[in-house]
2 protein chains.
Amino acid sequence: MVRTPLTRERVLRGAMAVADAGGLTGLTIRSLAQELGVKPMSVYHHVANKDEILDGIVDLVFDEIELPVVGGEWRAEMRRRALSARAALARHTWAIGLLESRTSPGPATLAHHDATLGTLRAGGFSVELTAHAYALLDSYVYGFALQEAGLPFSGPDDVADMAGAIVEQFATGQYPHLVELAAEHVMKPGYDFGDEFEFGLDLILDALAGRLTTGWAP
Amino acid sequence: MVRTPLTRERVLRGAMAVADAGGLTGLTIRSLAQELGVKPMSVYHHVANKDEILDGIVDLVFDEIELPVVGGEWRAEMRRRALSARAALARHTWAIGLLESRTSPGPATLAHHDATLGTLRAGGFSVELTAHAYALLDSYVYGFALQEAGLPFSGPDDVADMAGAIVEQFATGQYPHLVELAAEHVMKPGYDFGDEFEFGLDLILDALAGRLTTGWAP
DNA sequence: TAACCTGTCGTACTAAGTACGGCGGGACTG
DNA sequence: CAGTCCCGCCGTACTTAGTACGACAGGTTA
């Protein structure tokens, strides 16, 4: 087997692949080394430690998110960015938990933030409203991804099963509203939690547009 | 020393205290045992394993969130709940990362969800709109807490320092909009990222009220 | 050819989760 | 009141994971 020489790039790509396959707990130096066809200590010639790997793969995830076009129509750009971000975080759910603990953003992360801010500014948002809008949009995207990742199911089929279990388990009336939601909404054929995303996103974008045109001031 | 007998309750409270003090990585069976004045293996007579501890302390966090009053004015109740939830997650930032991986909700978590759903339903929301509103509100709260936890600073003072560092480091123009935001907004005296929370929250609540009164339909 | 550098690896130490079995003191029985 | 028993605590030790340290090989340069 011809062995491509190890590089920082290959280490990070490999780490991402291992995390995608086995989650964060499945990502160990040893499992990563195996993935790369190498012995554990070889990895350390390309990254300082595991933390650097974690920082690196978070940045790889940001690299997968479509950059908004500064100067484009802000609403469409923000919508596209949000959908892309949610998709990336859904592909790499392990990244969500890392967002909390990683405090040194990589170049892709910084570029992403910069393009987003720039798009809002070019769209007519004041500096202050830009800050508000950005915090709001990112909170929604991250939070939605977090909820999606935490759900004990992953597709429309599992959802119905889970909802059925809830209905049965709590039929006694301990959690009536939870049961109602499960029985009358979630178990309906075709329900997909992921569809909730666009409702909230459009609601937020509509409301931001309102704040923008009315020249909202603090 | 009179030693209160160990109980599951004391184990979980102790685990929460250790996590508050040293983060998730600081919470080990050994550190927990020391906190409790006990040897490591004693802990295992009250919980099956560490995962059960993690599930347990997440539920303790939910227990700290004020329950909305079913039948109360939905907007005020949702607002109070959101502020309370954000405060709880800010006190226990380690809980945010756990939300993603813990899939077995405890009683406090279930009660919390049920009361929230009930408040919306009693406030006139259809089952479907309730689902949308709930996903939206929770996403925002969790996401905001996630962002807050990920910030490399924790108070208004640190923020200005950090913003100053950004301005200096990227003065070359690589990330112009990031620099602009830092220089013209974040570094202003009195800025506190936490204040962004209420802007987004009220925007969302306003927009939900609009969807409610116009009898929004899918 | 000899010195050297770069990337790989073997070994081993430390920290952490936890299985297994011992043990002591209070409770319960006769 | 004594014997029995069980519950909760602990000592020991095995496993997995991060990573420090130094050896070694193969190509490169002087």
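Numbered from 1 within each chain, the chains take letters A, B, ... in sequence-line order.
The distance between atom NZ of B:Lys39 and atom C1' of C:dG21, rounded to the nearest whole Å, is 18 Å. Protein atom CG of B:Leu27 is 11 Å distant from nucleotide atom P of C:dA16, rounded to whole Å. Counting to the nearest Å, the P atom of D:dG8 and the CZ atom of B:Arg8 are 14 Å from each other. Summarising the geometry, the separation between CD1 on A:Ile29 and P on C:dC13 is reported as 20 Å, rounded to the nearest angstrom. Straight-line distance from the NE2 atom of B:His46 to the C1' atom of D:dC10: 13 Å, rounded to whole Å. To the nearest angstrom, P of D:dT19 lies 5 Å from CG of A:Asn49. When rounded to the nearest whole Å, the span between CE of B:Met41 and P of D:dG11 equals 12 Å. One atom, NE2 of A:His45, and another, C1' of D:dC21, lie 11 Å apart when rounded to the nearest Å.
If A:Thr25 and B:Ser42 are placed on DNA chain D by their nearest nucleotide, the residue sitting closer to the 5' end is B:Ser42.
Out of D:dT19, C:dT18, D:dG8, the shortest distance to the side chain of A:Tyr44 is found at D:dT19.
Between A:Phe193 and A:Phe144, the two ring planes are parallel [angle under 30°; tilted spans 30° to 60°]. Aromatic ring pairs are classed by plane angle as parallel below 30°, tilted from 30° to 60° and perpendicular above 60°; the pair A:Phe197 and A:Tyr140 is parallel. Using a 30° and 60° split on the angle between ring planes, B:Tyr175 and B:Phe170 fall in the perpendicular class, above 60°.
Looking at A:Glu180, its side chain never comes within 3.5 Å of a backbone N or O of B:Val127 through a donor-acceptor pair.
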